[in-house]
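Worksheet for the structure shown next.
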Amino acid sequence: MKNINFLAFAMPAFFLFLFLEYKLAQRRKRPEIFNYESSVSNISIGIAERLVNLFIAASFYQLYYFIYDDYRLFEIPSNAFIWFALILATDFVWYWYHRLGHEVNFFWAAHIVHHHSEEFNFTAAARITTFQAIIRTGFWCVLPFIGFHPSMVITMLIVHGAYSFFTHTQLIGKIKWLEYVFVTPSVHGVHHASDEKYLDKNYGDMFTFWDRLFGTFQAEEEKPKYGLTHPLKSYSFLWQHFHYYFEIYELWKRSSGFKARWKAVFGSPANMDQDIRPVLEKRFLQDKASPNQRLRFKNYLYIQLGICTFILTVFTYYFDYLESYDKVLVLSLVILTLINCGALLEQRKWMYYLEYTRLAMISTYFLYEEGLLVFFFVPIAIMIFMEQLFSLSKIYQNTILQLEPVE
């Protein structure tokens, strides 16, 4: 039992709490809390982050041990007082990581994905990218550098992450007396709001006194409007991850001189040229207007997300026992499927070719396993023949892309 990777149970636990939140929202007659397209997008990004982090999480932990073993400033023991100090230190580091994530373009490019969602529920908590995880790991390195043992730091980060998950919900109202010390869903909901009075507020993850101390606290007054001040027009999996990096690069190209280009990368998002995103959206065909219709055949999306979740759970459980080529196949298949889900939400006809790509990858893998890789062209030839004979692309698109009016 000691080799069980308990992180394998993170996704099933997530869906359990998500199901409970959804049923409670229904019972309280608050259907507006959940939006089909946004929820699917949020979950897709969460699956990708959990998957990719399996490949690099060990490197994070090794970095903590490297810093602690060779560069720590103090020998900090382990006792109840130190654990309490570590809780405070962790949230203090988070505050500044989080605040800089909103005040520096390069950091905001990684963090903005978490704020795309115009709904505020448990699915929004999953909306984290690997880029964001890498950046905040750099901040967490301060803790072993001070002298906190890496095993303590890793444990506290798990506790910290679990706490923040439960602050992403609208089903818990204001608890004013608790907000003097702790971040509540109401407090964190303000942070996710795009209302002018709520912008750049409430950076703390567990405690509110850092925000009160540094003048960034804002209690909820009017009901927040969640999302970005300039919302994306796309549910594309890739575009949501990379659009702001393209915006930074476009601003960098438009800038003259070292100082201006430095500001393009490390300046404030508040100074980003707002005409850049519409230009890029048109250039990369991501300016699709919100349709007044949505997919009728939603079950295909649910099936794909369900399979990805199952694969991620099993993959996490057996990760240490798999060969490198097994890991590459799973990573490629899941990421390709998540790209497909985004294309489905946007009703992109080219997604059909992703289906062929997945089939080609799976068939090539099994041929490799059986030592028959020399015949890799056979399944490809069969797919081409079937397409020419039955026009499968038209059948696929007419079936999968059926639409119905949005209620």
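The analysis underlying the following values was restricted to heavy atoms, covering all of them including side chains, and did not include hydrogens, waters or symmetry mates.
Just one of T123, N35, I128, L18 meets the side chain to side chain contact (heavy atoms under 4.5 Å, CB included) condition when paired with N42; it is T123. When Y163, F120, F17 are each tested for a ring-ring contact (aromatic ring centres under 6.0 Å, His included) with H168, only one passes: F120. Just one of N202, T208, D211, D200 meets the side chain to side chain donor-acceptor pair (under 3.5 Å) condition when paired with T216; it is D211. Checking H115, H102, H111 one by one against H192, the ring-ring contact (aromatic ring centres under 6.0 Å, His included) holds for a single residue, H115. Of the candidates D91, I87, T155, D91 is the only one forming a side chain to side chain contact (heavy atoms under 4.5 Å, CB included) with H160.
Contact of the L280 side chain with the H243 side chain is not registered, since no non-hydrogen atoms from C-beta on lie closer than 4.5 Å. L329 is not listed as a side-chain neighbour of T364, based on a closest heavy-atom distance of 4.5 Å or more. With contacts defined as side-chain heavy-atom distances shorter than 4.5 Å, the pair Y22/I33 does not qualify. Side-chain contact between V187 and T167 is absent, with no heavy-atom pair separated by less than 4.5 Å. The shortest distance between side-chain heavy atoms of M206 and T90 does not fall below 4.5 Å. Contact annotation: the side chain of C308 approaches that of L338 to within less than 4.5 Å [non-hydrogen atoms, C-beta and beyond]. For the pair F166 and F122, the minimum side-chain heavy-atom distance is below 4.5 Å. I82 has its side chain within reach of M152: a pair of non-hydrogen atoms, C-beta onward, lies under 4.5 Å apart.
Ring centroids of F242 and F131 are separated by less than 6.0 Å, placing the two rings close together. Two rings, from W96 and F214, have their centers less than 6.0 Å apart. If you look at H149 and Y65, their ring centroids are closer than 6.0 Å. Between F207 and F92, the distance from one ring center to the other does not fall under 6.0 angstrom. For Y68 and F148, the gap between ring centers reaches or exceeds 6.0 Å. Aromatic pair H98/H114: centroids not less than 6.0 angstrom apart. Ring-centre distance between W239 and H116: not below the 6.0 Å cut-off. F315 and F319 have their aromatic ring centers within a separation under 6.0 angstrom. Ring centroid separation for the pair Y245 and Y249 does not come in under the 6.0 Å cut-off.
A donor-acceptor pair is defined here as one N or O able to donate and one able to accept, closer than 3.5 Å; no such pair exists between the side chain of D195 and the backbone of P224. Side chain of R30 to main chain of A25: no donor-acceptor pair is present (N/O by atom type, distance under 3.5 Å, no hydrogens or angles). Y198 places a side-chain N or O within donor-acceptor distance of the main-chain N or O of E222, the cut-off being under 3.5 Å. Under the 3.5 Å distance criterion, the side-chain polar atoms of R212 are left unmatched by any main-chain donor or acceptor of F217.
In the displayed structure, F19 atom CZ is contacted under 6.0 Å by at most 12 heavy atoms of other residues, nucleotides or ligands. For K263, the NZ atom is loosely surrounded, since the number of other residues' heavy atoms within 6.0 Å does not exceed 12. Within a 6.0 Å sphere centred on CD of Q274, heavy atoms belonging to other residues, nucleotides or ligands number more than 12. With a 6.0 Å radius and a threshold of 12 heavy atoms from other residues, nucleotides or ligands, E370 has its CD atom at or below the threshold. Counting heavy-atom neighbours within 6.0 Å of K259 NZ, excluding the residue itself, gives a total of 12 or less. A 6.0 Å sphere centred on CZ of F366 holds no more than 12 heavy atoms belonging to other residues, nucleotides or ligands. Surrounding OH of Y325 are more than 12 heavy atoms belonging to other residues, nucleotides or ligands, all under 6.0 Å away. Summarising the local packing, NZ of K253 is surrounded by more than 12 heavy atoms from other residues, nucleotides or ligands at distances under 6.0 Å.
Between F246 and F284, the ring-plane angle classifies as tilted under the 30° and 60° cut-offs. Using cut-offs of 30° and 60° for the angle between ring planes, the Y356 and Y353 rings count as tilted.
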I would like to know whether E250 and R283 meet side chain to side chain contact (heavy atoms under 4.5 Å, CB included); could you show each step before the answer? CA-CA 12 Å; E250 184 69 20; R283 183 184 305 171; 3.4 Å; yes
Working note: E119 + Y36, criterion side chain to side chain donor-acceptor pair (under 3.5 Å); need CA distance, chi angles, decisive distance, verdict. CA-CA 10 Å; E119 60 178 356; Y36 168 72; over 6 Å; no
Please evaluate residues E387 and S393 with respect to the criterion side chain to side chain donor-acceptor pair (under 3.5 Å), reporting the C-alpha separation (whole Å), side-chain torsions for both, the decisive distance (0.1 Å), and the verdict. CA-CA 7 Å; E387 169 62 29; S393 60; 3.0 Å; yes
Give the intermediate values and the outcome of side chain to side chain contact (heavy atoms under 4.5 Å, CB included) for residues L336 and M361. CA-CA 11 Å; L336 200 63; M361 290 171 59; 3.9 Å; yes
Would you check, one step at a time, whether the test side chain to side chain donor-acceptor pair (under 3.5 Å) holds for E21 with N121? CA-CA 8 Å; E21 183 188 32; N121 53 43; 5.2 Å; no
Decide side chain to side chain contact (heavy atoms under 4.5 Å, CB included) for F237 and H241; before the verdict, give the C-alpha distance in whole Å, the side-chain angles of both, and the deciding distance to 0.1 Å. CA-CA 7 Å; F237 178 83; H241 274 83; 3.6 Å; yes
Should L312 and L54 be marked as a side chain to side chain contact (heavy atoms under 4.5 Å, CB included) after you check the CA-CA gap, both sets of side-chain angles, and the distance that decides it? CA-CA 10 Å; L312 176 59; L54 285 174; 4.2 Å; yes
Pair Y71-F66, ring-ring contact (aromatic ring centres under 6.0 Å, His included): steps then yes or no: CA-CA 8 Å; Y71 297 101; F66 171 73; 5.6 Å; yes
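Rounding to the nearest 0.5 Å places CZ of R127 at 11.0 Å from CD1 of I43. One finds the OG1 atom of T309 at 3.5 Å from the CZ atom of F15 (value rounded to the nearest 0.5 Å). Between the CG atom in D320 and the NZ atom in K327 there is a gap of 6.5 Å [rounded to 0.5 Å].
Of all heavy-atom pairs between K201 and H191, the closest is O-ND1, 2.8 Å. Closest approach of V113 and Q240 over heavy atoms only: CG2-O, 3.2 Å. S194 and T229 make their closest contact through O-CG2, 3.6 Å (heavy atoms, listed as atom of the first residue, atom of the second, distance). Nearest approach of L305 to C341, heavy atoms of both residues: CD2-SG, 4.2 Å. The minimum heavy-atom distance between L345 and S41, with the atom names listed, is CD1-N, 4.3 Å. When all heavy atoms of K233 and E346 are compared, the pair lying nearest together is O-OE2, 3.9 Å.
Side-chain contact annotation: E179 with T184, donor-acceptor N/O pair under 3.5 Å present.
Electrostatic pairing of R277 and E281 does not count as a salt bridge here, judged by no charged N lying under 4.0 Å from a carboxylate O.
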